[in-house]
Every structure is written in structure tokens, then in C-alpha cells.
Amino acid sequence: MTRLSTGGLIDRSRTLSFTFDGVAYKGHPGDTLASALLANGVRLVGRSFKYHRPRGIFTCGSEEPNALVELRAGARKEPNTRATTVELFDGLSAQSQNRWPSLEHDALSVNQLVSPFLGAGFYYKTFMWPASFWEKVYEPFIRRAAGLGAASELPDPDTYEKAFAFCDVLVIGSGAAGLAAALSAARSGARVILAEEDFRFGGRLLTEDVAIDGAPARDFVAHAEAELAALPNVRLMPRTTVFGAYDGSEYACVERVSDHVAVPAAFQPRQRLWRIIAKRAILATGAFDRPIVFPGNDRPGVMTAQALATYARRFGVGAGANAAVFTNNDAGVSAALAATHAGVKVEALIDVREALPSALLAKAKALGVRVITGGEVIATKGKRLSSITVRTGSRTETLAVEALGISGGATPNLNLTCHLGGKPVYREDIAAFVPGSVPPGMSCAGAVAGQFSLAECLKAGTEQGATAARDAGFAGAALPAPKAEETATGIRAFWQVKAKGDLAFVDFQNDVSAKDVGIAHKEGFRAVELLKRYTTMGMATDQGKNSNMAGLALMAELTGQGIAATGTTVFRPPYTPVALGVLAGHHREKDFRPTRPTPTHAWAEKQGAVFVETGFWLRAAYFPKPGEKDWLESVNREVKATRESCGVIDVSTFGKIDLQGPDVGTFLDRVYINMFSTLQVGKARYGVMLREDGLVMDDGTTARLADNHYVMTTTTANAGKVFQHLEYCLQVLWPELDVQLSSISEQWAQIAVSGPRSRDVLAKLVDGADVSNAALPFMGVAQTTVLGGIEARIFRLSFSGELGYEIAVPARQGERLMEAIMEAGKPFGITPYGTETLGVLRIEKGHVSGSELNGQTSARDLGMGRMASTKKDYIGRVLSQRPAFLDPERPIFVGFKPVDTAQRLRAGAHFLKVGVEPTTHNDEGYLTSVAYSPTLGHSIGLGFLKRGLERIGEQVRAYDPVRGSDILVEVCSPAFVDPEGEKQRV
Amino acid sequence: MSARYSFLSLISNALNGQTGWKPAWRDAHPKPTYDVIIVGGGGHGLATAYYLAKEHGIRNVAVLEKGHIGSGNAGRNTTIIRSNYLLPGNEPFYEWSMKLWEGLEQDLNYNAMVSQRGIINLIHSDAQRDAYARRGNAMRLAGAGSELLDAETVRKMCPFLNFDNARFPIKGGLMQSRAGTARHDAVVWGYARGADRLGVDIIQNCEVTGFIRDNGAVVGVETTRGAIRAGKVALAVAGSTSRLTRHLDLRMPLESHVLQAFVSEGLKPLIPGVITFGMGHFYVSQSDKGGLVFGGDIDGYNSYAQRGNMPVVEDVLEGGMALMPMIGRLRLLRSWGGLVDMSMDGSPIIDVGPLPGLYLNTGWNYGGFKATPASGWCFAYTIAQDRAHDFNGAFRLDRFRTGNILDEKGVGAQPNLH
Amino acid sequence: MRIPCPYCGSRDAHEFAYLGDATLTRPDPAAPDAAEAFHAYTYLRENPEGAHREYWYHANGCRRWLVVTRNTKTHEILGVEFARPSTDEVPA
Amino acid sequence: MSDLLAHVPHTRLVPEGHYGPAGTPGVSARQVLGLAAATLAAPRGKTAALIASFADAGLPLVDAPKAMSNGVLTAVGTGPGRWLITAEGMTGAALLAHLRAIAGPDAALTDQSDANIILEVSGAAARATLAKGIAVDLDPLAFAHGDAATTVVSHIGVTFWQSEEAPAYRFVVARSFAPAFLRWLTVSAAEFGFALTGTGRG
């Protein structure tokens, strides 16, 4: 056990139980999984990606590259979870990953032996012989060996939410700079959000052994948190990671609402996605302690000096029985001293520098820490660190230690400044990249901006908090920054210990070593992006937070270009990995998109309808009756009943647009290929509209209710698109036209009654209106009432080819109308039908629908070229006259029937001349829609065929190899039933 | 020059501490003149240079790249290769590309990790099945191979898909088993190395800033590294095409848009091949390294910013969670944005002209990666022969004038809908 | 990305439907060069890197077509106005 | 996957009841029944004249996203020169006739009484709930009593306005989208305790 006897922000009065790889351990509230593992003496936690080297806990934060575990089990298993960010809870279970058969004895650790082969770019140079082996042998092996943790493969049982927030000042990070910024902005009255990825506010102040305004830093944190929590204009968001900066001062964040408990509480999501729109943002995300490259720098027990100090001070944990620290900078020294002060036995402080600030030396002396200046760690030993070898000049010395804190300097955590294209700039004086240009409205305060001393952080935070609030319109009095002593921040740039021996790692998780950087250099992969891609440096789950700096410094040394000229790779969202589920929120499975029921949905359910998704709508597909063996039998019955007597269907899903104003007629003439200004009041007309490129956009009927009042219908699929198009025409193309549009799709339920007896049915519904052929002829429209006073619009239209009416009533009356129709039609055996029968009826009539209006066909292709008026211009007219549109070879809309009528047509079959090879060159068109016609007793189809109209009676092959079909069909007129259209006019 | 890779070279380098490797391609300096200048050191430009040298013996070729090779879309895509197109003008071209993929690694002596693990386009309605049957049959006609799967077969292959609680039920799929993925960067490096070995100059950090004109003809380019003349100047710069053609007072049938793509943390093998959702904007595959590589729709507005916004991120993952609710606890590691050259009908342009001495390769929309080999091959042919090959015969610039448009989706002249 | 709609105020861009280049004018269909003019109008684009005038439709808002001037390199919104001439509108 | 609504068909309104932890609900919603509704649009270039006519008739229209009420009618700006007008205790036809009398023959009037459902959402946690889907700042400083917005929530277009200081909000949701809207509202409000009335027993 390495729990220190005192100290730490943990609740020692309470004990939490957890397991790792099945072994039970205990920790305390306030622990992370990492601190609890260390407290239990567990140092070997994972295996690396390529060589399966033993790895431990390297950091104390979200940048952890090594300590990845599978957290939880079953459907809640979370692979690749950083133990350093997991808040310990009672009952937690975690497993190590990427090892077999066990973490202690991992078979693939043999990869280390062949590491001389496995340098950067190895894969690209090999596995090519013999050619067939890649997919069968090599790749499956590589795939199994690669990857990190394993997914549960079960649906995620938890819920997620999304939310929006707006504020004047968003402060990201709650260390010294962040707290100071939040305080000064909040005191001005601005709406402030303080987001902190940790479960505790305070950042480094929880670790550092410093005083603010004369009191311990932790007291400052507690007071600041209390003041902010009490202010109504402040929202504190712990456990919230700002992971992306986006356009419009928008910041995307994940709030981990329930990750710190075993299972989310009732009615609580696991996580919540926030999109925060902030007038100003202050980035106060601090800096990471970065590693130094030296042989064996990856052994469990080696960690950042910052982590060593944090485990000691914040968690009361010694990372080992004893430790050493290896650094090149004052913060590393301070960390060593802080750890010592907290009770860690630090055997030696090894600094590459020859001289250290005297104040630090004095502190070290007072604490009894041995200081080795001008020293380097050149080797380490142990599956779990047992010793290090230190070189001072020509002398080497081996020290037995279980932990080694390393600090190569501070790397500002500036990820978010890059998301809108900002490029970091290198500062020689602090040996670090600092933010270059930042997103609009953002400023950086504290260590992220290269301000490493505590006093600087507090000052910068206070000033920028006030400035941001002022920019957002809140002029508060400038308050003094909290006071703290200047902390030492000296550094000597130092990246790599030059020593032979074990691999010296740059990127721990991806096993990229200094040697790999050398290979990339030799082979010309010298630009940072190429270096990254060739070696995979920086592509691990820490996204290069630990590795990029040293990697590019090594490359800069090899090229002699210098670090500034070498540059750094670009950071992109997310700042840390984000659960995919939270990005979907509520919209998953059946709630992926809204489900739109029709006005008669409940009625159709009662009739036993089978429903089908039609866009967002759910429509009745058919109405099976007991004893029917399949859908076809039901549909055949529905078709027959409609053709012979009467059928009924809800067609409310069609788009319906109300057009009012003196210029509607003119307007419609310009959007339809045919004329509408000449339409008589009380009449409807079928119209086709094109896109400007001359292809058909949509079709439908439009009726004239009054001189200045029309009602248009669109197809279900294009309702929104057509409305948008009409508004475009009115507002952009012809703003001089006085036309007002309203969608009335939802206002009216519309029910089609079709068949020879439909007039008899209608007559029973209307409140006395004359519905005779004379009074309400084909394409006539009546505005009247039905069922004793219900307002109704009756359109005498026919999609089925039969005598038919579409009756529209206010949507709440839809179900009542349907029931009344069924009652009125009972004597005639009225039969409800769905989209399947609708399809059969229209295919029998040769009417086009979505399969033909596929956006690739012109009016001429559809056999409607003659509908186009030559007396006017309309959208699409000019471009529909292009040569290819008039090419006689162009596939034209015709009908098809099987030569052997026992055979079945299938949509999607292509047409070939008889006797030719099935090749793309010989492709002559395709079948768009097919149906079994109960009226004709065989399969029929519609489609497009080259020179189709000239080939009526010809036999062609309908070639459908994907369904194993290849049959002879005869080209025919698309109007299979009642080609003269007499039935609809009776 | 980079030596041929073999067992021997690998072993000798293992023994000498990996010190024997040579640059994969020379870092060439521009010469005053070339027979052909290819602007753009992405996959298409480098492949064009390779095939010009290999197939047409034209080796006095420079590839000019404003940054480093592969820094545009070649390194920012989702690595999918497939030949499952619908239209007769498209499908034979993509099938030729697939055939070139199948021999690419032996041809280049470079392992681009071509992995033919298949693609399934999921079907969610009867109408969609018909549309996919039409496509599958078109693929068969072009010799590409395709299979129409029923729902049960899809379930056996991908039991993790949401079959039981789906907003849009899965009713089957169209599969091309030869489709799959390739390691995108390796394709760039393989072509660069191959072209270099045949004598092509690859010139990085050389941005074209203008064109040299002679009597209307294009006879060279101005660059940040000086003027370079050439008998033929070929553009293969994807989303930057309009930026260059502006110097020639040409307006192109193109808009530059942003397409975001995503990769998860590495995982043990989870999904086979490539899967596309038919009712949302989501497609996914798993890389050799274990990351789920996925994407969806373009952001939908003109952009040169190489980054997108949250609504599309959410839209993609809503599709992902609708289709594969097992991915909820897996994590997004990285997202990025590519600058895509959306054409007005969603199909590419590989053509001679429109000015003498100028050759165009553009309009790849969000699908240029899979086309890389055939694009290079056909563009090389077109440059060398001054006419299109049959494979790219439909990819003419004047098709918008004549009406021979190639609109696979049927959405018309609005690039953000393709 | 947020678009300051002149009617609705600042709104997320996903409420809007994008069309594209707003510098184009529908040509005179009766002009002798109408075929070429419509080809250019329908298919050819300036596609600038930088300021771009473009049509956005506030589909989930006031249903107005807007002309937004936006920098395509930075996504910064430089200006927004109603597409329909302002003489038709009455200030609030 | 939410178990909360596992039993509620996606085609039905979420039935009335209490959702979430027991106790005083933090959010309440009720379907407001019996309202007539219509869209009113000014003829081209005649918005000012139309506003004047309504001012004379005692309904001060504002050409902005605001809700204005004269006790009988509530007019909500939905776009330039365009309003959604709701009325209590009137049929759609009567509302249309009433508006026609004020607006004159040229204004476009369309009955929408059956097109939407109207929901009133209120309670201490109303803002926190609505923030889970509405990308409009609802802070009292930014969106006050009488302010209105047409926007999208959970892939559903809505028009809403703050109808009471307390706060309470009235939502107009297209009839076919109402089940999906209520699903979103219910799962979003449940953590605060959610009382839903007026949607029937399911």
C-alpha cells in the first residue's frame, strides 16, 4: 500500500470497493481509479499498442496515454477509458485491455523481440508477398493484434441529452487563471459559465504548495467556488469538458452527469451535450507536464513529475515506495519538492541543468532532497520500475526507485485555440508553443498563454475576466488580482537523452520511439504532418498531447531547421475523446427522427392495417383480412374492390399549399410547364414543375378556389422542397408578384374515394350539394359541407383511373369523415386500401410517381412533353431544350409486360436487346415500377427504354441478375387499364 | 532513389538499426521547363504523373504541391474504395479504378493495405430495394459484381445493427464484396515513390500563383518558386480548382464545400467492411488500426475553411446511434474537415481544355479517393493523347451545356444536395 | 455557425437551408443567347475564397430568403439582408 | 434508450400523467384545446396599412417576433408581414370572418385551427427543460414576456412565445409532429418531475 498517512482531498472516513482485473481493492471518495490503483500498489495497468510493453499510470489527467482500461461490464462496458479521469465509485469494476492471456503475461509482448523489424513504415514495405496473403493471412492477424479495448457489442442502455446555453463569458478551466477570470467577470454582473473537466474545481491549485492572499491555495479555491456558486449570474459546470470551438462563438461541451456513479439515477442521462454560445470565452486550460525521451522512459512507475506531485498532494498517494524526479525546469523541481513535502520519499532530484535557482535549492536542502545537477536518466529497469541509471558527466549511478517523475517542461494546453484554424507559435524563452491566432471572442489566460507563474496567472485571469465582461457590455470596477508570490519558471530546453539501450519513447501509446523519428527523417517524411502520419506519432487517444512536442523537437534537430520553422501539427476537435452516444442525444433508435401519423392513423390501426414508413410519415400499406395468406392476396382484393365498386385511402400526406393574391395565376404559369392562369374557378388541373435544369421537380394537381385563391398539392416526398422553391421564386426571382403562401398540409385531412360507386358514397356525405357528373364534372372542385356542417373541399380527381373524389376536411374531422365514408360505403362493400394498392392502381393506369420522378427524367422522358406550353416561359424551359434532352436515343417512359405472363417483373431490371452481351454499352434502360395486376391477371411494369415509343410491341430482355432473373418482356403502352380514360369521367 | 522493398531490404535494415533507408522520393527542385506540369500533389496528381511515365513514357514531368504531398483530401478521407455506381457514364470508370486497386500494391511495390472486405448499402424500403436493384444490375453490366441481400443475410453478417427497434427498419442491402478500404496516406506515398523512380520531379512547397499564357494557350505556371514552363499544364487540385482557374478568367461548374469525417478510438475488430445507412447520413468502416472511420453529409455551405460545425457532427452520430446503438459508449477521437470540389451534377470532370495547353481533373465531390488510380490513369491518357479515354468519356466539361449530365442522385444543379 | 436573421435574430445555421451564390440573376429567357446564359446561370460559379454573397432560406424560422455575405475561408458572417427588396418590408 | 416512454406508441400523444420523480412537478404542460387559429399575411407592400387596420380594431400588430393580445385574439409574428392569430371560444370560420372584416379583401387569411396543437409549458424548471432543445436564449434578459420565436426543436418546427411572466410558454406544433414533440418534452422534463395534462389517457 502506498497511501500516504495523511493529506489529500479524499474522504478517508468512507471506503469504496472496486475491482481491477477481478481483484478487489479499496479506495476513498475523491479518488480517481488511477489514484486508487496506485494507493493499492497496482502499478502495471496496461499494455502498449504495438509492442505490448507493460505500462502504468503516466499522468493525472485527461491526457493519459497508458492507463487505458475497460470500465464497467456488459452493455455498459467502456473500452479505452483513462483511469486518470475515472472518479472512483463503490462497486466500480475495470479490466485491463489489449493483452492475452493476462496483463502480467501478455503473449504479444514477443513483438518487443522483433522490434528491430517493426520500425516506422514497416507495414508499407512488407506483407506483399505473395499478393494473395494480405487479406487472408496478414491483415486478419494485424487487425486482431491491433485495436485497443473491445466494445461491448450491445446497445448502450443509458440515455443522453443535448442542451443549449448562452452566456456573456465562458471560462474554460478552473485553475488559478480560470477562477480569477470567473470571479472578476461574475462580479461585473455578466452571465458567466465556468466549465471544468475535473470533478473538482481548482486545477493545479489542488496540487501546488503555494499561498494566495496569504492562505493556502486550496482555501482560495474553496472561497472562490463558494462565491461563484452563490451568484445567480454564474453557472458552475464541473465534470464538463469543452471539447470543440466552432463558428459563431459556439463551444461544444460534454457534461458527464452520471459517469461517477455505477448506473445513472432514474430520469438522469449518462451525459449531456452542451452547445454554449458565449459572447466571450476565456481559455484557462493550463499546461501539461511533458515527458523527456530516454531509454526505457515508458516503464510502469515512470510518470510526469506533475502526476507524482498530484497523486501525493491531492490524493495522498505515493506512486511507489520511493521515487526520483528527472527534469530540466523549475516546475519539475517544485513538483518534486511538493511531493516530498506531502510525504513521498524522493531519493534524488536529477536536473539536466548545471545550476538551479537558489531558493529551490534551499527548499530542497531543507526537505533533505538530494539534488543531482547536470544529470540525465539513461536507463530504467523492471517490469514495474525498480531502478534507474543516472549519468552525470562520465559517471553513472544506479538508484533503486519505484517511481520516477519526469518533467521536460510545460506544454500549454492550447488545443481549442486551433479549432478555427489558429496556428500556435513557438517561444524559445519558455521552450513551448503558445496560442497564435485564437477564435473570435476568445482570449487566453494563465499557463495556456505561457504565463507559468502563479502571480501571472491570477493577474491575467482577473484582467481578462474584467475585459471580457466589459466587451459583453458589463462595466464593473476593476478589482485587484489575488496576490501570490512569483513562482520560479526557468527551463533549459531539453528533449532527448542521448544514450544507447532500450527504446526511448516519444509516443507511448502508439509505441513511437526516437528511432522511428530517425527513420521518418531518412525516408523524407520530415514535414510534421508526414512525420505524424508515417510514424503514427500523435495519433493515439491522447492526440499527441504527450508526444508531439518532443517528436517535432527531435525532427527539428535532425533537419537542423529549428522548432519554430518545423511547426506543430494542427489540433482538431474533440479536445479529448467524446462518447458517440452523447452526440446523438435523444435521437436514436425509434426516436432517430419524428414519426408522423396521418389523421386517420388510429382508425387504420383498428382496421388492422400494416404500416409503412414514407419519409417521416407512417402510412397504411394494406389492410389484411383474416385468412389472407400474404400481402399480395390482400392487395389484389383491395384493387378489385376499388375497380369494381369502391375503395378508400387517406391521402393527407400530400403537400398542400394555399396561394392567395392577385398574381397567383401568373406565378403558377411560371412555375408549372402548363397554364394555370386560364384555369376556371372551381376547377383543378394536373401540373408538372421543372427545376431550372429542365428536369422534373414535382407534379400534382392545383385547384382554383376563387379568382385570387388557388390550392396546390405536391407529392408527399417533395412537400417541403416545393414550398421552399415557391418562396424562392416569389422572394428572389419575381419579388414584384403579389402572392402569399401558406402551408395547409396539416390543416386538412384528405381522403380519396375511388371506384364506380364512389359518387353514391359521396352523395350520402354531402349536406345537399349536387355531386352529379354535370354539377361536379371530372377535375371539378366543390367547396361545401359534409356530415352536417363540416367544412369540406371536394376535388374530383383520379389517380386510380376510376371515378373518384378527394374529400378534404379539417384534420380533426379526418377520422370522423373516414368512419362516415365506411358507413356510407357499406352497401357497396367499400374497401380501405393503402399505399400498395395505390401503387397497383396507378401502375395499371400508367401514372408516374416517385420512381419515375427520380430527378433524372424530363417531362419529355415521361411522355408529358406536349403538356408544356409554348406560349410562355417557365422555370426549366430553356435548359430542357438542350441537345441531350432532345436526343431520340434518350430512354422514354413506356409500359412492359412479360411475354410469358406467368413470369414476374421486378423493378430495377435493365433492358437489353435480345441476343446481345449484357454490358454497360448495351444497356437500354430500366424498369422503374412493377405490380401484379389483378385486373389483367399478370405482372406489369413501367420503365424507361431507348426510343421506347417507337418500339411498342418489340420484345426486349429484362435483365435482373441481382435477383437471378432474365426474362423476355414486350414493350407496350403504359396505360394498361382504360387507356382512353373513360372510367374517370362517367 | 528509394530501393525496391523486399524481404532482403527489411532484414538488412533490421540488422543495421534501420539506418539504410533512403528517401521514398527525391525532394526535387523545379527545372525551367517540363513536358507536363501537374498542379496538385495529392493522390490524383501523383497517380497521373506515375501513369504518364509508366503508360505513356512521358517522364519529364513535374508535380507541384503547395504544401507537402498528400496534405489535402488524399490524407483527409474515409479511405473507402468501391465501384457501386449507377449511371453508364460513371460505373465503368469506377470499375476500372477497382481493377487498378486490385493490382496496385504489386505494381507500386508498396503496401497500401487494400482491404476488400466489402461494402453493404442498407435498404430500408421497397422503393429503395428497387433503386438498389437498378444499381446492382448496372454494376453487373459493368462487370463490377454486386449482390442484393435480404434482411436475414444482413443480420447474419452484421448482427449488431438495429433490426428490432429501428425508426427505419433494415430490409436488406446491396453488397459489393470487392469494395473495401485502402490506407490513404500509403496510396499517396506509393504513387510518389513510384513516380519518382520513373523520373518524375515531385516539388513540394511550391504554390502556383498564376499561369503563363501565350496567345491564349497555357504554357506554364508562376509559382512561389519561380516560373516554370511546360507543353501541357494539368490541374488536379480538387477544391482549389476555382482558386486557380480564376487566374484564367474561367468560372467552373464547381463549389468548394466542407466535408467532415471522424475516427473513434482504436477497438478490437468490431464491424466487417463498410456499412452505409440508407435513411440517414452515416457510413462506417474500421481501420486496420482499429478505429471506426465514419462520416456523413457535407456541411452544405461554400467553404474553404477545412472545418465544419456541430449540426453535421450531431446528424452523423444520430444516424450512427439509430443504426448501431452499440457505439454509444465508444468515443470520437478526432474529426476533421476536407475541402471538397462539389460539381453541379455530382460527377467528376477529366477533360482537355477549356484552353489550349490546359487539362482539367476536378469535381470529385466527396468521393475522390476511390477514383485515385483510374483518375490518374485516365487523366494521364487524356493528357498524353489529347482526348478522353472511353472510361472518362462522359466526364466532359461541356456536358452542362449539352445536357449530358451525370446526376447519380437526381437532385439537380445544387452541389450541396449531391 | 449562427446567422443573424433580420427578423428572428441570431439563429443556428441549421435552421436555414442553403442554396448558394446570390450574385446570379436569372437571365432573360427571350434573349437570343438565352441557352448560354441559362447554362452559365445554372452551372457556373465564381466560388470565391473570401467574401461570398449567398442565399439562405430560413426554413425553420420566418421563411424568408436571405442574402448572407460570409467569408468562406473563416465562416465569418459579414452581412445579412432580406433577398426580397426592402421596400416591401416595414420596419418593426 | 429511454424506458420512460417505452409503452407509448410513437404515433400517439404522450398520455397525460406525472413523469419523473414523485412530488411537486418542476415542469407542467397542458394541451390548450378549443382555440381557433389562422395565418394572416399582408399583401405585397401593404404591411403598414394592415397594421393600421388592426390597430384601429384594437389589436396592435407588431411586425416582429412578438406575441400581442387584446384578450380575445393573440397575434404572433412569424415572419415579415405575417402573423399567426389564435382566438378562444371561436370557430375557425368565425375567426376568419372576424379577421377578414378587419383586414379587408386583399390580405391572405388561412384557417389553421386544425393544423397544430397548442401546448402551454410552465413551471420553475421550464427554462431548463426547453434549453434541452431550443437554440434560442430564453434568459429573461434576452427573451421576455411577449417575445416569440419560430424555430426548430428536436427536428420539429415550432412557434412559441412567452405567455406569462412566471414563466409560461405557448407552443404551436404541427399536428403530425405533436407526438414526437411530446416525447422530447417528456424525456427532457422528467428529471424535474413533469405533469402533463390535456393529452388524453392514451
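Sequence lines set the chain letters: A, B, ... in the order given, protein chains first and strands last, and positions in each chain run from 1.
Ring centroid separation for the pair A:F592 and A:H587 does not come in under the 6.0 Å cut-off.
Residue A:R691: no heavy atom, backbone or side chain, is found under 4.5 Å from chain C. Contact annotation for A:Y728: both backbone and side-chain heavy atoms come within less than 4.5 Å of a heavy atom of chain C. Contacts of A:F166 with chain C are made by side-chain atoms alone, with heavy-atom separations under 4.5 Å and no backbone atom involved. In this structure, chain C has a heavy atom under 4.5 Å from the side chain of A:L879, while its backbone stays farther away. Residue A:Q724 touches chain C through both its backbone and its side chain, counting heavy-atom pairs closer than 4.5 Å. Contact annotation for A:D873: only side-chain heavy atoms (C-beta onward) come within less than 4.5 Å of a heavy atom of chain C.
In this structure a side-chain-to-backbone donor-acceptor pair under 3.5 Å is missing from A:R860 to A:T857.
By the 4.5 Å heavy-atom criterion applied to side chains, C:F38 and A:R877 are not counted as neighbours.
Taking the centre and axis of the six-membered ring of A:F885, the NZ or CZ atom of A:R890 falls inside the cone set by 45° and 6.0 Å. Geometric assessment of C:R84 against the ring of C:W65 yields a negative cation-pi assignment under the 6.0 Å and 45° thresholds.
Most heavy-atom pairs under 4.5 Å with chain A: of the set C:E76, C:K73, C:H75, C:R63, this distinction falls to C:R63.
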